[in-house]
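Throughout, residue positions are numbered sequentially from 1 according to the sequence presented.
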Amino acid sequence: MTFLLVALGLVGVEAVRADDTLGRCSAGTGERLRFIEDRLEERRPYAQYWWMGWTGFYGLGTVVQAVRAGVEEDDSKQADLVVSAVKASFGVTRLLIWPPTAKAGAAAMRVVDPRDESACRERLRVGEELLRQNARESESRWDWKRHAANVGINVAGALIVAEGWDDPSRGWRSAGIGIAVGEAFTFSHPWKADDDLAEYEQRFGQSA
């Protein structure tokens, strides 16, 4: 109980400090900053869990399928396992190179010390760009090119196994599973940032 009270007290102190810092900004700028920082931090946990979960899933898949392929004696099974390992490695590489922007929360804008109104506006500029970038990534879930690429990669893998190793049932079954996993990956991507941007622009208008 004592620990909980201390923790709550520390949170309260940090909130007051943040308020004091933004208090150097004009009322309008400070209000915009508070909105953006609150929303960016609110979206951070899910983005972090999503990124870690899918990176771990694809990473484990790469290792397991590669090991299984190394000891498999059936040629068509081995080919299918190799294809699966390569597809999983694509997933890991993509996540490591292009993690979701929301994963970092408001960290990039908090680097800018709002010591005066000019710095407050620079911090706001960075925050607005983060908000827009998160919204673009959120809306990309509906981009037909992403879904077409998912289908195309899995169909290519199926053709390798079906035509190259004369095992169509195994190849197309693997493609079906791969497409389903890829769609789950795409649609589960952090998705609320477009609503945050719409609410921000409704309340404050366009960019400050």
Side-chain angles (χ1 to χ4, degrees), residues 4 7-58 91 94-150 180-208:
L4 179 60
L8 289 173
L10 290 174
V11 170
V13 168
E14 288 303 316
V16 169
R17 285 176 182 167
D19 251 10
D20 288 345
T21 301
L22 295 182
R24 302 169 190 165
C25 307
S26 67
T29 303
E31 190 178 359
R32 285 173 178 261
L33 283 168
R34 289 183 185 89
F35 178 93
I36 294 175
E37 291 187 22
D38 287 348
R39 290 305 173 88
L40 291 177
E41 287 301 306
E42 187 177 337
R43 306 307 177 205
R44 182 207 291 256
Y46 176 78
Q48 289 178 328
Y49 291 136
W50 180 87
W51 182 81
M52 289 188 295
W54 281 105
T55 301
F57 173 78
Y58 281 127
R94 180 188 181 283
L95 285 163
L96 292 177
I97 296 176
W98 298 293
T101 305
K103 184 172 79 74
M109 64 185 296
R110 287 178 171 170
V111 170
V112 182
D113 179 21
R115 59 189 178 278
D116 53 34
E117 181 61 18
S118 177
C120 289
R121 294 232 164 210
E122 174 60 16
R123 180 163 169 151
L124 179 58
R125 184 194 65 77
V126 175
E128 287 182 336
E129 181 52 38
L130 288 173
L131 201 61
R132 291 192 198 96
Q133 180 61 32
N134 287 353
R136 285 193 291 269
E137 292 178 12
S138 178
E139 291 168 349
S140 71
R141 294 177 304 132
W142 308 107
D143 186 348
W144 68 269
K145 288 181 286 187
R146 290 190 64 173
H147 299 285
N150 176 40
V181 171
E183 291 300 292
F185 169 83
T186 298
F187 281 116
S188 64
H189 189 283
W191 68 86
K192 293 185 177 181
D194 50 346
D195 293 333
D196 293 337
L197 179 61
E199 184 178 346
Y200 177 79
E201 292 181 342
Q202 183 179 20
R203 286 179 59 177
F204 302 103
Q206 297 294 320
S207 168

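- Between Tyr46 and Trp191, the ring planes are perpendicular. Angles over 60° get that label, and only those under 30° would be called parallel.
- In this structure, Glu137 contributes its side chain and Thr101 its backbone to a donor-acceptor pair below 3.5 Å.
- Ser26 pairs with exactly one of Glu117, Arg32, Glu31 by the side chain to side chain donor-acceptor pair (under 3.5 Å) rule, that one being Glu117.
- Salt bridge Arg125/Glu128: absent, no basic N to carboxylate O contact under 4.0 Å.
- By the 4.0 Å N-to-carboxylate-O rule, Arg136 lies close enough to Glu129 to be salt-bridged with it.
- In this structure, CZ in Phe185 is found 3.5 Å from CH2 in Trp50, a value given to the nearest 0.5 Å.
- The line from OG1 of Thr29 to CG of Leu124 is 6.0 Å long, rounded to the nearest 0.5 Å.
- Taking 4.0 Å as the cut-off between side-chain N and carboxylate O, Lys192 and Glu199 do not count as a salt-bridged pair.
- Residues Arg44 and Glu41 are paired through a salt bridge, judged by an N-O separation under 4.0 Å between the basic side chain and the carboxylate.
- A donor-acceptor pair is defined here as one N or O able to donate and one able to accept, closer than 3.5 Å; such a pair exists between the side chain of Thr186 and the backbone of Gly182.
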Chi angles and distances behind the side-chain contact (heavy atoms from CB on, under 4.5 Å) call for Glu42, Asp196: CA-CA 11 Å; Glu42 187 177 337; Asp196 293 337; over 6 Å; no

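- Separating the SG atom in Cys25 from the CZ atom in Arg121 is a distance of 9.5 Å, to the nearest 0.5 Å.
- Considering CZ of Arg123 and CZ of Arg115, their distance stands at 11.5 Å, rounded to 0.5 Å.
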side-chain contact (heavy atoms from CB on, under 4.5 Å) between Tyr58 and Leu96, intermediate numbers included: CA-CA 11 Å; Tyr58 281 127; Leu96 292 177; over 6 Å; no

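- The structure places NE2 of His147 at 8.5 Å from CZ of Arg141, a figure rounded to the nearest 0.5 Å.
- Side-chain contact between Ile36 and Leu130 is absent, with no heavy atoms from C-beta onward closer than 4.5 Å.
- Taking a 6.0 Å sphere around CZ of Phe187, one finds it holds more than 12 heavy atoms contributed by other residues, nucleotides or ligands.
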Derivation and outcome, side-chain contact (heavy atoms from CB on, under 4.5 Å), residues Arg43 and Asn134: CA-CA 10 Å; Arg43 306 307 177 205; Asn134 287 353; 5.6 Å; no

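- In this structure, OG on Ser138 lies 11.5 Å from CD on Gln133, to the nearest 0.5 angstrom.
- The shortest distance between side-chain heavy atoms of Pro100 and His189 falls below 4.5 Å.
- A distance-only check finds no donor-acceptor pair linking the side chain of Arg39 to the backbone of Phe35 [under 3.5 Å].
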Full working for salt bridge (Lys or Arg N to Asp or Glu O under 4.0 Å) between Asp113 and Arg24: CA-CA 10 Å; Asp113 179 21; Arg24 302 169 190 165; 3.6 Å; yes

